[in-house]
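Written out below as structure tokens is the structure these notes cover.
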Protein chains: 2
Amino acid sequence: MDINVRQPRSFVAVAKLGSFTQAAAALHVSQPTLSVQIRRLEESLGLWLFDRNPRSVALTRMGRELLPALERTLQDLESLLSDARDVASERRGVVRIAALPSFAAGILPDVIGGFRGQNPGASFALKDVIASRVLALIRSEEVDLGLTGGDVSFPDIETIFAARDEMSVVYPESHPIGTQRRITACVLAKYPLVMMDQGTSVRAVTDLAFNRAGLLPAPASEATYMMTAIGMVRAGIGLTILPTSAREIFAEPSLRSRKISDNNFARPVALIKKAHRTLPPLSRLFAEFLQANRRGLFAGNRP
Amino acid sequence: MDINVRQPRSFVAVAKLGSFTQAAAALHVSQPTLSVQIRRLEESLGLWLFDRNPRSVALTRMGRELLPALERTLQDLESLLSDARDVASERRGVVRIAALPSFAAGILPDVIGGFRGQNPGASFALKDVIASRVLALIRSEEVDLGLTGGDVSFPDIETIFAARDEMSVVYPESHPIGTQRRITACVLAKYPLVMMDQGTSVRAVTDLAFNRAGLLPAPASEATYMMTAIGMVRAGIGLTILPTSAREIFAEPSLRSRKISDNNFARPVALIKKAHRTLPPLSRLFAEFLQANRRGLFAGNRP
DNA sequence: TTATATCCATAGAGTTTCTCTATCGCTGCC
DNA sequence: GGCAGCGATAGAGAAACTCTATGGATATAA
């Protein structure tokens with residue numbers, strides 16, 4: 001009563017080759033095996049699929065009508081399983097990841113490019129969203145991985161690794177700050193500053209860092225997007241302070257940047273996933289890839 | 001490495017019910033059986049389909065992506081097999097039959113109607129063609145059964161049963177032949193006759209029968225189709241001689257018919273199939289039905 | 001016509017796979 | 001902290017599968 005996948009497969013092979021012996025050779029089984037399998041299938045269906053003469057094998061009309069549909073369905077099934085095996089073996093797959101816009105525009109494109117160089121079958125679905133959306137997307141399992149700032153500690157979220165994203169000051173190439181030996185909060189406070197808007201994680205970090213240094217520099221200007229702040233620096237409005245990981249964004253011929261020598265000018269970074277959930281193989285591989293390269297991507301690491 | 005149909009079925013059940021225990025109950029197997037099957041499937045694919053916590057079972061993303069396609073393919077397969085079982089159990093099917101036009105228009109519609117009364121799932125593909133086409137259609141397996149005249153004896157054609165199709169004379173109700181006690185060749189030859197065209201099997205039989213009686217009546221008129229001959233009879237041109245099996249065709253209020261009491265006025269009839277070929281279940285059933293009713297359909301039988 | 005070769009069916013043995021019962025380990029709840 | 005519920009595991013018995021060896025039937029060739 002129960003059908004095995006091998007039975008339809010044998011049926012299709014015998015029907016196409018018109019011979020039990022040839023089909024047996026093609027499927028790398030013995031001829032009696034095929035005889036038995038086809039008989040089982042016929043018994044299970046309750047009808048004859050072949051008319052056997054010692055000199056020829058011919059499909060009955062029932063067999064002829066069953067063949068094309070069965071073959072198509074069988075191919076569907078096998079391609080499904082084959083696709084799944086491709087996914088399993090990291091040959092193919094979609095990595096779904098949500099990241100803060102600075103990471104999405106800054107380090108991730110290069111990282112993804114490097115990863116795809118080693119894994120050509122990988123494709124990416126990258127969402128650039130604010131931190132709270134990263135968490136929501138992880139929770140709803142719309143993405144597998146999240147790259148976000150801040151300290152993440154929830155029971156349903158697992159941190160794969162954490163790092164520190166140290167900050168750099170961006171300035172025009174002729175700016176006098178370029179001559180300073182070390183960049184500290186005090187040095188920065190001497191110059192007009194273009195600051196990120198209130199509510200961004202970058203602003204929260206810089207405000208806290210200046211505060212700890214007992215300073216309260218007033219912004220010469222504010223910007224919502226990093227590109228805007230950089231434009232203002234280029235226009236000579238002031239310096240700006242951005243995460244080093246966004247260096248791809250502020251790499252311009254007329255601008256320079258230097259890391260700030262103050263541990264407070266750094267934000268925590270974490271690669272996260274949903275707790276107790278298995279990552280798709282390529283997503284797991286990409287997480288490992290990120291972790292292996294984290295020293296080059298972020299300035300520092302945390303325990 | 002090899003996939004059983006039961007494994008995807010189990011996967012779909014667990015995914016839909018969200019529980020191994022409930023799925024086991026739904027499939028009428030024990031819970032460990034399901035655990036093992038899903039594990040086998042996961043091993044075969046090389047990836048995890050479920051994240052198991054003692055309190056909940058959740059699909060991984062791979063499982064979630066595999067589920068809809070796998071379920072559809074599985075349903076395709078099962079409906080295919082279920083259809084095949086319907087055909088096998090004579091619940092459903094197409095009976096393909098080729099018949100001479102006289103049978104196709106005469107007896108077959110009623111027989112088919114009676115058969116469908118008992119087998120509502122039967123549908124018919126009925127081809128009305130000349131005798132040589134009947135053989136060709138049987139040989140090419142475009143039809144399963146053939147109802148034809150003449151003696152059929154070829155090695156690749158099998159006669160299911162043979163009968164004699166006795167002939168009747170058709171005349172207007174007031175015609176003097178109606179008063180004859182017995183209709184013989186001599187009686188027929190006294191009246192003007194509308195004969196079927198040369199080349200039809202009916203003409204061949206009547207010519208031979210008259211010839212054996214030492215008669216050679218000249219046709220008052222000739223017709224290719226039975227309906228034409230009947231029209232001529234209605235118009236008073238003459239009598240006509242037609243197979244009794246075509247009685248449905250010449251059953252008109254103004255006409256009468258009587259069987260001819262001469263064994264020569266009969267043509268052999270045979271229900272045939274291709275030799276060494278299995279009939280579809282419903283076609284076999286219909287052949288048996290025809291054979292069981294052959295006394296009522298044809299006037300006589302042959303050994 | 002007879003001999004032969006080819007092809008599918010069958011039988012029996014050995015192996016693998018499957019399914020069951022019994023039981024364990026873990027988590028969440030009262 | 002004990003209890004209930006759920007899935008995993010182990011081991012035994014049963015079923016299914018595949019193999020080799022062989023039989024029966026037919027078309028080809030001598």
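Naming convention: chains lettered A, B, ... in sequence-line order (proteins, then strands); numbering from 1 in each chain. Remember, predicted model here, so these are calculated numbers, not experimental data.
Distance CD1 (Ile3(A)) to P (dA15(D)): 19 Å, rounded to an integer number of Å. Atom C1' of nucleotide dT18(D) and atom NE2 of His28(A) are separated by 16 Å, given to the nearest angstrom. Residue Arg39(B) contributes atom CZ, which lies 13 Å from atom P of dT17(C) at whole-angstrom precision. Remark: P of dC8(C) and CD of Gln22(A) are 8 Å apart, rounded to the nearest angstrom. The distance from atom CG of Leu41(A) to atom P of dC17(D) is 11 Å, rounded to the nearest whole Å. Nucleotide dT19(C) holds its C1' atom 15 Å from the CD1 atom of Ile38(B), rounded to whole Å. Spacing between atom CZ of Phe50(A) and atom C1' of dA9(C) amounts to 15 Å, rounded to whole angstrom units. With rounding to whole Å, Leu34(A) atom CG is found 13 Å from dC19(D) atom C1'.
Under 4.0 angstrom from either OP1 or OP2 of dC8(C) there lies no side-chain N or O belonging to Ser35(A).
Of the listed nucleotides (dT10(C), dC8(C), dG7(D)), dT10(C) has the atom at the smallest distance from the side chain of Pro32(A). You'll find that the side chain of Arg40(A) is closest to dA16(D), out of dC19(D), dA8(D), dA16(D). The side chain of Gln37(B) has dT19(C) as its nearest neighbour among dT19(C), dC6(D), dT10(C).
Under the side chain to side chain contact (heavy atoms under 4.5 Å, CB included) rule, Phe11(A) has a single partner from Leu34(A), Leu59(A), Leu45(A), Leu74(A), which is Leu59(A).
Across all strands, Gln31(A) comes closer than 4.0 Å to base atoms (heavy-atom distances). Ser30(B) comes within contact range of at least one nucleobase, with a heavy-atom separation under 4.0 Å.
A cation-pi arrangement is found for Arg294(B) relative to Phe161(B), the charged atom lying closer than 6.0 Å to the ring centre and inside a 45° cone about the ring normal. For the pair Arg139(B) and Phe154(B), the cation sits on the ring face: its NZ or CZ lies under 6.0 Å from the ring centre, inside 45° of the axis.
Looking only at side-chain heavy atoms (C-beta outward), Phe103(B) and Leu297(B) stay at 4.5 Å or farther from each other.
A salt bridge links Arg284(A) to Glu90(A): at least one charged side-chain nitrogen sits closer than 4.0 Å to a carboxylate oxygen.
The CD atom of Glu288(B) sits 9.5 Å away from atom CG of Leu279(B), with the distance rounded to the nearest 0.5 Å. Note that the CG atom of Asp165(B) and the CD1 atom of Ile107(B) stand 7.5 Å from one another [nearest 0.5 Å].
Residue Thr21(B) is the one, among Val36(A) and Thr21(B), whose nearest nucleotide of DNA chain D lies closer to the 5' end (criterion: closest heavy atom).
Against DNA chain D, the stretch residues 4-20 of chain B makes heavy-atom approaches under 4.0 Å through Ser19(B), Phe20(B).
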